[in-house]
Amino acid sequence: MLTVCHLYPDLLNLYGDRGNVLAFVRRCAWRGIPVQVKEVNLGEPLNFADYDFLFIGGGSDREQALMAADLKTRVGALREAVDNGLVVLAICGGYQLLGRYYRTPEGREISGLGMLDFYTEAGDNRLIGNVVLEAELAGKKTKLVGFENHGGKTYLNGLRPLGRVLYGQGNNGRDGLEGARYKNVFCSYLHGPLLPKNPMLTDHLISLALERKGKDFTLAKLDDSIENMANEAMVKRLLG
Amino acid sequence: MIVRLILALAAAKLAMYLSRLTGRGRGSSLPGMLALRIYPGLLKHYRGQPRRGVIMTTGTNGKTTTSNMLADILEHAGLRVVSNREGANLITGVAAAFIKSGTLTARLNCDYAVLEVDEASFPVVTRWIKPDRVIVTNFFRDQLDRYGELDTTICKVQDALKKLPGGTVLVLNADDPLVARLARETGKSALFYGVRPDAVLAGAAAYSREAKFCPFCGDTLVYSVYLYSQLGDFRCPQCGFARPLPDMEAINVNIDTTGTRAIVRGNGSNKGIWPVSLPVQGIYNIYNGLGAFTTALSLGVAPEKALDSLAKYTPATGRMELFYYDQKPVTLTLVKNPTGFNQALTGLLSQRVRQDVMIAINDNDADGRDISWLWDVDFEVLVKHLEQFNRFICSGQRAEEMALRLKYAGVPPALMTVEKDYRRAVDMALHEEGAAVGMLVTYTALWPVEKILGQRAERVSSHADRVPSVS
C-alpha cells in the first residue's frame with residue numbers, strides 16, 4: 001500500500017495541481033498497486049513517516065505565506081523524512097519554499113525551509129509559456145512537457161536540475177536549467193500539470209516510492225498511447 | 001483634436017463597413033482598436049451622453065448573457081440602448097459599440113449604454129466612462145496566464161469601483177462571497193440578487209471552489225448549502241461576514257431541457273412575487289436573469305415588462321445555443337474556465353439521453369495559452385453516468401491533452417476519438433449514434449465550429465447581428 005500526502009489542497013490548488021495526484025494514483029491503480037490519498041490541510045496533524053509520496057503544489061502569494069508559516073513548524077520532521085528517501089514532488093510555489101530564501105522586488109528576504117540549497121529572486125517579468133525539458137530519469141533521457149508561469153527566478157548553487165530547457169525559460173531564463181533534484185525530491189516550475197503529461201516521470205516516482213518500501217519495483221507496462229500522443233504533440237509543435 | 005476625432009471615427013466606420021462587406025470579421029473589435037490608435041482619448045467624448053445612464057456588467061462568467069438580457073429588457077420597455085452585444089468587452093469593443101451607434105462627430109442618441117466589460121479592462125474603461133450601475137456576476141479563476149491571480153483581478157475591480165462617484169449603485173451576486181464583499185469594501189450602496197439556498201440545487205463540483213476563507217478575517221467560511229463552486233449560503237463564524245439577504249431572490253428553481261423557471265421574490269424596495277421563465281438552461285442563467293431583472297427594476301422598468309422580455313430571450317452564439325441536425329438536438333457551448341465547464345457538463349447530464357460529445361480545446365491567446373485548468377474541471381461526473389454517453393470526440397489544437405484528461409477522469413479510451421480537424425470532428429459527432437450532441441468549445445474554436453454547424457444543422461433561433469468576438 002502506497003500512501004500519498006496531498007499537502008494543503010485547500011490552499012495550493014492553482015493550475016490543475018490535483019492532476020499530479022490523480023496521475024500518481026491512477027497509474028498505481030491501473031497496475032493493481034494499492035494506493036490511498038490523504039489530504040492534509042492547514043493545522044491538521046501530519047507525520048511524514050506515514051507517507052510514501054508527498055505532493056506540494058503552488059498557490060497565490062497570500063496562500064503561500066500561510067503554508068510557509070505552517071510548514072516551518074514541521075521542517076525538522078520533513079528534513080528527516082527526506083533524508084530517509086521520502087519521494088516528494090514540489091511544484092512552483094512549493095518548489096520555491098524548499099529553498100533558502102525568496103527575495104522580493106523590494107529586496108526583502110523571506111526565508112524558505114532551507115531544505116535544498118537554492119535561492120529565488122523576484123524578476124521584473126513573469127516567465128510564462130510552454131516548456132520542453134530534457135531530463136534523465138533512471139539513466140534514460142526523456143522529454144518532459146508542461147507550462148510555466150512564475151515571477152520568481154531560481155538559482156541552483158550547483159544543485160542538480162530536473163532537466164535542461166529545450167524550449168521555454170526554466171528556473172531563471174538564463175542558465176538553461178529547470179527544476180531541482182535532491183535525493184528523492186523533485187522540484188519544478190512546470191505545472192500544466194506535470195505528471196499526467198509525463199508518464200515516465202510519474203512511473204519513476206512510483207518506482208522510487210516502491211523501492212524505498214523494499215518492494216519489487218518492476219512496474220508493469222501500461223498502454224500509454226494517449227499519454228505519448230499528448231507529450232509528442234507538444235514536443236513536435238514546440239521543437240519542430 | 002476635432003480633426004483627430006473625426007479621422008478616428010471615419011477610419012473605424014470604414015473598417016466596420018469593409019469587414020461586414022467582406023464577411024471576414026464582425027466589426028466588433030478591430031475598428032475600435034483602430035480608432036483608439038488614432039485617438040486614445042476617444043471615449044471621453046461619449047461620457048454623459050446616454051440620457052438616462054450607463055450600466056456596466058463585469059465578473060468572470062455570465063457577462064454577455066446578463067448584459068444582453070438587460071439591454072433586451074430596456075429596449076422592450078421602449079428605450080434606446082447602445083450595447084456591445086457582440087461580447088467584445090475590452091476597451092476596443094466598448095469603443096466600437098459607441099462608434100457604431102454614434103455620428104461622425106461622436107454624437108449619441110440613446111437613453112442607456114449597457115456595456116459588458118472584461119474584469120481586467122474594467123479599471124481602464126471606467127477611467128473614461130462612469131457607470132451609474134455596475135452588475136458584478138461572480139469571480140472564478142479564468143486564464144491565469146493572462147490575468148495573473150484571481151485575488152489580483154478582484155482587487156483591480158474593487159479599486160476601480162472605489163474610484164467611482166458616490167451615487168454609483170452596485171448590483172451584486174449575494175451568493176458569491178468574493179462579490180458580496182464588494183459592498184463593504186467599496187462603501188457603495190448595493191442591491192443584491194441570489195438564489196435561495198435550496199438543498200435540491202446543491203452542486204457537487206467542489207474542486208474549483210475559490211473562496212474557502214473569509215475575505216475579511218481569513219477564517220474558514222461555513223456553508224449551509226453550496227449551489228456551485230463557491231456560490232451558496234456562506235457565513236464566517238469568526239467575524240460575521242455572511243450571505244446578505246437578497247433584494248431579489250429566486251426560489252423554487254426548476255430546470256429542464258426547454259429552459260428554466262423560478263419564482264422571484266422582491267424583498268427590498270421592490271416588494272412582490274413574480275414567476276420568471278427563461279428559454280435557456282442552467283442555474284447560472286437564473287443568476288444572469290436575476291442580475292438583469294434587479295437592475296431593470298431599479299431603473300424603473302415595470303416587472304411585467306421585464307419578465308416578458310426575459311421569456312423571449314435569445315442566447316448569444318455559444319451560450320448553450322440550440323441547433324437541430326435532422327431530429328437530433330445539438331447544443332453549442334463556449335467553455336473558458338473550470339466553473340463554466342462544470343456547468344456545461346451539468347447541462348449535458350441534465351439531458352438524460354444518450355449523446356455524443358465533441359470537445360474542441362485551443363490554446364491561442366484568446367483562449368488562454370495555459371490549458372492546465374482542464375485538470376480542475378470535474379470530468380469525473382461524466383464517468384458516474386457513462387451510460388448517457390456514446391462517444392467523446394476531442395478536437396482543436398490540444399485535442400490530445402483533452403483525451404488525456406478524459407482518460408484520467410476514467411473515460412475508457414475505446415470511447416474516445418482524437419480528430420484535430422473541426423470539420424471532420426463536427427461531422428463525426430453529428431453522424432454518431434447518440435440521440436443528442438453536445439459541443440463544448442473554447443473561444444477561438446467557437447467561430448469555426450459555429451460556421452460548420454450552421455451549414456450542417458438548422459439553427460433554432462438566430463441573431464446574426466449578435467455574434468460575440470471576445471468574451
Side-chain angles (χ1 to χ4, degrees), chain A residues 9-11 13-27 29-30 41-43 58-66 91-92 126 128-130 145-149 151 190-199 202 222-234 236-237, chain B residues 141 143-155 206-213 215 218-221 337-338 361 363 365 368-380 392 394 396-414 416-418 420:
Chain A
D10 264 4
L11 284 174
N13 61 354
L14 272 183
Y15 308 126
D17 275 343
R18 76 178 176 125
N20 288 315
V21 175
L22 189 64
F24 189 97
V25 169
R26 288 269 172 196
R27 295 185 71 81
W30 288 333
N41 281 305
L42 217 59
S60 63
D61 289 348
R62 177 173 54 100
E63 289 155 344
Q64 271 173 219
L66 288 170
I91 301 289
C92 210
R126 279 187 91 80
I128 304 176
N130 289 304
V145 297
F147 195 93
E148 64 183 333
N149 182 353
L190 305 199
H191 53 265
L194 185 60
L195 294 190
K197 287 197 273 205
N198 299 290
T202 320
L222 297 173
D223 177 357
D224 284 336
S225 43
I226 293 180
E227 285 85 343
N228 293 337
M229 185 170 60
N231 182 292
E232 282 157 18
M234 283 315 278
K236 193 161 168 239
R237 176 170 140 186
Chain B
R141 69 187 56 193
Q143 302 192 11
L144 292 168
D145 58 317
R146 193 162 63 145
Y147 294 112
E149 293 166 1
L150 181 65
D151 282 348
T152 319
T153 306
I154 298 172
C155 281
Y207 271 105
S208 67
R209 206 182 300 145
E210 312 289 354
K212 293 196 168 137
F213 306 100
D219 203 8
T220 307
L221 291 176
N337 50 44
I361 304 293
D363 65 353
D365 279 345
R369 289 157 56 214
D370 185 4
I371 58 159
S372 310
W373 60 275
L374 287 180
W375 294 85
D376 283 325
V377 177
D378 194 17
F379 290 103
E380 286 75 7
F392 294 90
C394 302
Q397 293 157 341
R398 303 300 294 266
E400 299 91 349
E401 185 151 338
M402 188 58 239
L404 182 66
R405 174 69 188 96
L406 290 176
K407 178 180 173 181
Y408 278 84
V411 174
M416 286 187 246
T417 306
V418 172
K420 295 188 86 147

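As a basis for the values below, the full set of heavy atoms in this structure was taken, side chains included, without hydrogen atoms, waters or symmetry mates. Model, not experiment: these values are computed from the prediction.
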Tell me, side chain or backbone of [X] under 4.5 Å from chain A's heavy atoms, or both, or neither?
X	result
B:A399	neither
B:M402	neither
B:V377	backbone

*For A:I226 and B:E400, what are the C-alpha separation, side-chain angles and deciding distance, and is it a side chain to side chain contact (heavy atoms under 4.5 Å, CB included)?*
CA-CA 7 Å; A:I226 293 180; B:E400 299 91 349; over 6 Å; no

*Going through the distances and angles, do B:K407 and A:D223 end up as a salt bridge (charged side-chain N to carboxylate O under 4.0 Å, His left out)?*
CA-CA 11 Å; B:K407 178 180 173 181; A:D223 177 357; 5.6 Å; no

*Looking at A:N231, A:L22, A:N130, A:V25, which one has more heavy-atom pairs under 4.5 Å with chain B than the rest?*
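Heavy-atom pair counts peak at A:L22.
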
_Tell me which of these, A:E227, A:M229, A:M234, has more heavy-atom pairs under 4.5 Å with chain B than the rest._
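Ranked by contacts with chain B, first place is A:E227.
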
*salt bridge (charged side-chain N to carboxylate O under 4.0 Å, His left out) between A:R18 and B:E380: does it pass, once the steps are laid out?*
CA-CA 13 Å; A:R18 76 178 176 125; B:E380 286 75 7; 3.8 Å; yes

*Pick one: which of B:D363, B:I371, B:I361 meets side chain to side chain contact (heavy atoms under 4.5 Å, CB included) with B:Q397?*
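With B:Q397 as partner, side chain to side chain contact (heavy atoms under 4.5 Å, CB included) holds for just one option, B:D363.
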
*Does some side-chain heavy atom of B:R398 sit less than 4.5 Å from a side-chain heavy atom of B:L374?*
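Heavy-atom side-chain distance check fails, nothing below 4.5 Å.
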
